[in-house]
Amino acid sequence: MMTTDEKRPVTGYDRRMYAIMNRREGASLHATAARRRTAVVVHMALTGASIVAWLGTVLGHQEWAVYVMLGLLLPWCVATGVINSATRGLLELRSRVLDERQRAEKNRVVARAHGVMMWLLLGAAVAVGAAGLAGQKPEGLVFPVLFGVFVVHWLMPLWVAGLTAGDEPDLDDDDDDGIVEAVGAAGAL
């Protein structure tokens, strides 16, 4: 059954985003499973460092952490772009642009990310509870832990998609143009 979003015509924005997500210039950055895993691990590390820096500015009133956040922003954006390129925009493109296989893959990725997050939330709750039992004041841990879990919840589907993306078949540039034209033709219908 098609959702309302899938019934809508493909827009110019959809065609541009599809073309951007399917560019081949950076394909060497994610050509192998090891490179994709490296990009995801680097993205996780940059995200963790950014969370710590942001919490340092908000809770610790550390001015230097603002500069750390600014320094982490560009590499974080590049790593995000590599993962999005590796997945061909699976999580960034609207459903109306994705074919059946891609929609099924997107659903699998989201379901797997949901399962991982369930265990992460359980671990966070146990850790805060254990810290409280050990004599720590859990009130001071609630906001940083909740913020960290929120950010991970937001990015977990991207990470799962990057880790589970398969190797791309070798396509000629003519094949990519044909795909972009096919999406454009579908939008004209």
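Predicted model only: the values in this text are computed from it and were never measured. Position 1 is the first residue of the sequence; numbering continues from there.
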Applying the 4.5 Å side-chain criterion to the ILVMFWY set and letting contacts propagate, would [X] and [Y] be lumped into a single cluster?
X	Y	result
Val126	Met118	yes
Leu121	Met44	yes
Ile51	Val116	yes
Val149	Val52	no
Met17	Ile83	no

Exercise. May I ask you to decide whether Arg108 forms a salt bridge with Glu105, counting only side-chain N to carboxylate O separations under 4.0 Å?
Key: yes

Quiz prompt | Residues Glu25 and Arg23 bridged, charged N to O under 4.0 Å | solution = yes

So which heavy atom on [X] is nearest to which on [Y], and how close?
X	Y	answer
Lys106	Leu93	NZ-O, 3.7 Å
Leu72	Pro75	O-CD, 3.3 Å
Val82	Ala39	CG1-CB, 3.7 Å
Arg96	Pro9	NH1-O, 3.0 Å
Pro157	Val109	O-CG1, 3.3 Å
Val68	Ala53	CG1-CB, 4.0 Å

Quiz item: Which of parallel (below 30°), tilted (30 to 60°) and perpendicular (above 60°) describes Phe143 and Trp54?
Solution: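 If you compare the ring of Phe143 with that of Trp54, the planes turn out tilted.
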
State, yes or no, whether a side-chain contact exists between [X] and [Y] at a heavy-atom distance under 4.5 Å.
X	Y	answer
Leu155	His43	yes
Val152	Met117	yes
Tyr13	Arg94	yes
Pro144	Leu59	yes

When rounded to the nearest 0.5 angstrom, what is the spacing between [atom1] in [X] and [atom2] in [Y]?
X	Y	atom1	atom2	answer
Thr80	Glu92	OG1	CD	9.0 Å
Arg101	Leu90	CZ	CG	8.5 Å
His153	Met156	NE2	CE	10.0 Å
His30	Asn84	NE2	CG	10.0 Å
Thr87	Arg36	OG1	CZ	10.5 Å
Ser50	Leu70	OG	CG	10.0 Å

Practice problem: Please say whether more than 12 non-hydrogen atoms of neighbouring residues, nucleotides or ligands are located less than 6.0 Å from CD in Gln62. | Solution: yes

Quiz item: Has the side chain of Asn22 got a donor or acceptor atom that lies under 3.5 Å from a matching backbone atom of Tyr18?
Solution: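 Yes; at least one donor-acceptor contact below 3.5 Å.
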
Exercise. May I have the step-by-step check of side-chain hydrogen bond (donor to acceptor under 3.5 Å, both in side chains) for Thr47 and Trp76, ending in yes or no?
Key: CA-CA 7 Å; Thr47 299; Trp76 185 88; 2.8 Å; yes

Quiz item: Yes or no on side-chain contact (heavy atoms from CB on, under 4.5 Å) for Ser85 and Met21, after CA distance, side-chain angles and deciding distance?
Solution: CA-CA 6 Å; Ser85 179; Met21 294 296 170; over 6 Å; no

